[in-house]
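Written below as C-alpha cells is the structure these notes are about.
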2 protein chains.
Amino acid sequence: MREPDTKSWRGVQTELLRRINEREWTPGSLVPNEIELAQEFGCARTTVNRAMRELADAGLLDRRRKAGTRVALHPISRIVLDIPIIRLEVEQRNAEWRQNLLEKTSCVPPASITSRLGLDSKTTMLHVRSLHYADNHPFLHEDRWMNIDALPGVETVDFAAISANEWLIQNAPYTTGDIAFTAMNANKDIAEILEAVEGVAIFVVDRITWNKGEPITCVRLSYAPGYRMNTKI
Amino acid sequence: MREPDTKSWRGVQTELLRRINEREWTPGSLVPNEIELAQEFGCARTTVNRAMRELADAGLLDRRRKAGTRVALHPISRIVLDIPIIRLEVEQRNAEWRQNLLEKTSCVPPASITSRLGLDSKTTMLHVRSLHYADNHPFLHEDRWMNIDALPGVETVDFAAISANEWLIQNAPYTTGDIAFTAMNANKDIAEILEAVEGVAIFVVDRITWNKGEPITCVRLSYAPGYRMNTKI
DNA sequence: TAGTGGTCTAGACCACCCT
DNA sequence: GGGTGGTCTAGACCACTAC
C-alpha cells in the first residue's frame with residue numbers, strides 16, 4: 001500500500017479525492033485554482049490540471065473558465081461496461097462457445113426497424129438470427145438486421161462459420177450507437193428457442209449503430225433466464 | 001462541420017480514428033511511434049501522446065513501452081452509464097418525483113446479505129424500503145440494507161423526507177462497488193407494490209458498495225415493468 | 001476586462017520491457 | 001542495451017465567461 005508521490009498527478013488526484021470524500025471540500029464549494037494547488041503541492045500547473053481534469057471527467061468536479069472549479073453537487077456514479085464479442089464473453093466464463101444459425105434471409109423488415117434506423121420502409125435488409133450456446137446450453141438469441149447497402153459483401157458471408165456479431169465488429173466500424181437494456185417476458189417463440197418456459201423474465205439488449213449517419217445494424221440480444229450483467233464501479 | 005485543426009490533440013485523435021476505422025491501420029498492426037507521428041503532424045510529442053492515450057483508454061489501441069503501439073485486435077465497445085440520483089432520473093423524464101417510505105427497521109438481515117457484504121451473520125443492519133413514484137405511478141422499489149457502524153447518525157435520519165438513495169450519495173463516500181443488472185419475474189409482493197401483474201418481467205439492479213474495504217450498503221432496485229435503461233455509445 | 005481553465009511546446013528524465 | 005511510452009516542467013498563448 002504505497003502512497004503515490006504527492007508530486008505525481010496520481011498523487012495529487014488521490015489527495016484531491018480524499019478532500020472531496022472526507023468533506024474537507026463540501027459539495028458546491030469553490031476549490032483553489034490550479035496555480036494555488038500547484039504551489040501547495042510543489043508541482044507544475046500541468047500536473048494539477050491533469051489530476052483535476054480526470055476528476056471532472058468522472059463527474060466529481062465541475063470546472064468552468066473564470067468561474068473556477070467546484071465540487072459537484074450531485075456526484076453521479078459513472079459506470080463503464082465492456083461489451084465484448086459474444087464468443088469471448090462465453091469463453092471468459094470457461095464455457096465452450098458455439099452457435100447455430102437459425103435464419104439468413106433478405107427481406108423487408110417491419111416498419112419498427114426501418115423507422116428506428118431512419119431508412120425507407122421498403123428497404124430490403126439482411127435478417128440473421130442465431131442462437132449462441134455456452135457448453136451446449138442456450139446462452140442468447142441474436143436477432144439482427146443489417147443494412148446491405150452499407151456493408152459490401154455481407155450477403156456472401158458464411159454466418160454459420162463466423163457469427164454476425166463477430167463479423168461486424170471486425171469489418172464494420174461505427175461512429176455512433178444507441179443501446180438499451182430492458183426486461184421482457186419470453187414469448188412462445190423465444191422461450192422455445194432458449195429452452196425456457198414461456199413468460200420467464202429475459203434480459204434484453206437492443207442496439208443500433210450508425211457509421212457517419214449511415215445505418216449499419218439493429219440487433220436484439222435475448223439472454224437465457226438468470227443472466228446477470230456484472231461490473232465493478 | 002468544422003474539421004478540427006490537425007495540430008490540436010482532437011485533430012490528431014480524429015485522424016488516428018479515421019485510419020483505424022478505415023483499416024488504413026489494420027487490427028494488430030504496429031503504428032508509428034509518437035515521435036514519428038509528431039513530426040508528421042507538425043506538433044509536439046505531448047500532443048500525440050494525449051490523443052493516443054485516450055484511444056488506448058477507450059480500448060482501440062494497445063500500448064506498451066518498447067513494444068510500441070498496436071491497433072487492438074478485439075475492439076471491445078466500452079459503454080459509459082451515468083447512474084443519477086433516482087429523483088433526478090425521474091425529473092429528467094419531466095415527471096414529478098415523490099417517494100413513500102414503506103419500512104425502516106433495525107434487524108439482522110438474511111445470510112445472503114451479510115455474506116455478500118462480508119459481515120458477521122449476526123450483525124444488525126438498518127433496513128429501508130421505499131417506493132419511488134413518477135407522476136404518481138410507481139417507478140421503482142428500493143430495498144436497501146445499510147451498515148449502521150459505517151454510517152454514523154444513519155439511525156436518526158428521516159428517510160421519509162430524503163430518500164436513502166439521495167442521503168447516501170451526499171453523505172457516504174465509497175471507494176469500490178459491484179453492480180449487476182438482471183431480469184426477474186415479479187413475485188406477489190413486488191407486483192403488488194409496483195401495481196403490476198404477478199410474474200411480469202422486472203428490470204433489477206443490485207448494487208453493493210464499500211468504503212476502503214468497509215461495507216456501506218447493499219441495495220436492490222426493482223423498476224416498474226417496461227423500464228428501459230438507455231445510453232449512447 | 002480580468003481571472004480561470006484548456007491546450008500547446010520543447011525539453012528532459014525515467015520505467016518498462018523487448019531483443 | 002536501447003527503444004518506446006509515461007510523465008513532469010516552465011513557459012506561453014488562447015478561449016471562455018463572470019463580473
Side-chain angles (χ1 to χ4, degrees), chain A residues 1-17 19-20 25-73 75 78, chain B residues 1-17 19-20 25-73 75 78:
Chain A
M1 219 39 168
R2 260 183 338 112
E3 185 68 20
D5 182 358
T6 314
K7 289 196 177 184
S8 74
W9 73 266
R10 285 178 190 282
V12 172
Q13 193 178 62
T14 304
E15 171 60 14
L16 301 183
L17 253 179
R19 295 184 187 182
I20 295 168
W25 291 339
T26 56
S29 66
L30 195 62
V31 314
N33 67 29
E34 294 186 346
I35 295 176
E36 289 168 336
L37 288 172
Q39 285 169 350
E40 177 190 340
F41 292 124
C43 66
R45 181 167 80 95
T46 321
T47 305
V48 175
N49 179 277
R50 174 152 186 198
M52 297 185 89
R53 174 162 39 85
E54 300 213 347
L55 293 177
D57 287 343
L60 289 167
L61 292 178
D62 198 5
R63 319 195 74 194
R64 262 177 308 175
R65 285 159 152 131
K66 165 74 178 176
T69 300
R70 293 175 179 277
V71 179
L73 273 177
R78 195 154 286 179
Chain B
M1 218 40 171
R2 260 185 335 114
E3 187 68 20
D5 182 359
T6 314
K7 289 197 176 184
S8 75
W9 72 267
R10 286 179 191 282
V12 172
Q13 194 178 63
T14 304
E15 171 61 14
L16 299 183
L17 253 179
R19 295 184 187 182
I20 295 168
W25 292 340
T26 57
S29 65
L30 194 61
V31 314
N33 67 31
E34 294 185 346
I35 295 176
E36 290 168 336
L37 288 172
Q39 284 169 349
E40 178 189 341
F41 292 123
C43 65
R45 182 167 79 92
T46 321
T47 305
V48 175
N49 180 276
R50 175 152 187 200
M52 296 185 92
R53 175 163 35 86
E54 300 213 345
L55 293 177
D57 287 344
L60 288 169
L61 291 177
D62 198 6
R63 319 194 77 194
R64 262 178 310 174
R65 285 157 152 130
K66 168 69 179 174
T69 299
R70 291 175 181 278
V71 179
L73 270 176
R78 196 155 285 178

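Lettering of chains follows the sequences in order, A, B, ..., and the numbering in each one begins at 1.
The CD atom of B:Glu36 sits 7 Å away from the P atom of D:dT4 (whole-angstrom rounding). Counting to the nearest Å, the P atom of D:dG5 and the CD atom of B:Glu54 are 17 Å from each other.
Sorted by residue number, the members of residues 56-69 of chain A with any non-hydrogen atom under 4.0 Å from DNA chain D read A:Arg64, A:Arg65, A:Lys66, A:Ala67.
The side chain to side chain contact (heavy atoms under 4.5 Å, CB included) test applied to B:Gln39 returns B:Ile35, not counting sequence neighbours. Every residue two or more places apart in sequence or in another chain that forms a salt bridge (charged side-chain N to carboxylate O under 4.0 Å, His left out) with A:Glu40 is listed here: A:Arg19.
To the nearest 0.5 Å, the span separating OG1 on B:Thr69 from CG on B:Asn49 amounts to 9.0 Å. The distance from atom CD of A:Gln13 to atom CG of A:Leu17, rounded to the nearest 0.5 Å, is 6.0 Å.
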Atom pairs and distances, donor-acceptor, side-chain atoms in residues 53-60 of chain B, under 3.5 Å, two or more places apart:
none

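Under the 3.5 Å distance criterion, the side-chain polar atoms of B:Ser8 are matched with a main-chain donor or acceptor of B:Gly11. A:Glu36 places a side-chain N or O within 3.5 Å of a backbone atom of A:Asn33 that can act as its donor or acceptor partner.
If you walk DNA chain C from 5' to 3' and mark each nucleotide with an atom closer than 4.0 Å to a heavy atom of chain B, the marks span C:dT7 to C:dC18.
Sorted by first and then second residue, the salt bridge (Lys or Arg N to Asp or Glu O under 4.0 Å) pairs involving residues 58-69 of chain B (not counting sequence neighbours) are B:Glu34-B:Arg63.
In this structure, B:Thr46 reaches the bases: a heavy-atom distance under 4.0 Å links it to at least one base atom across the strands shown.
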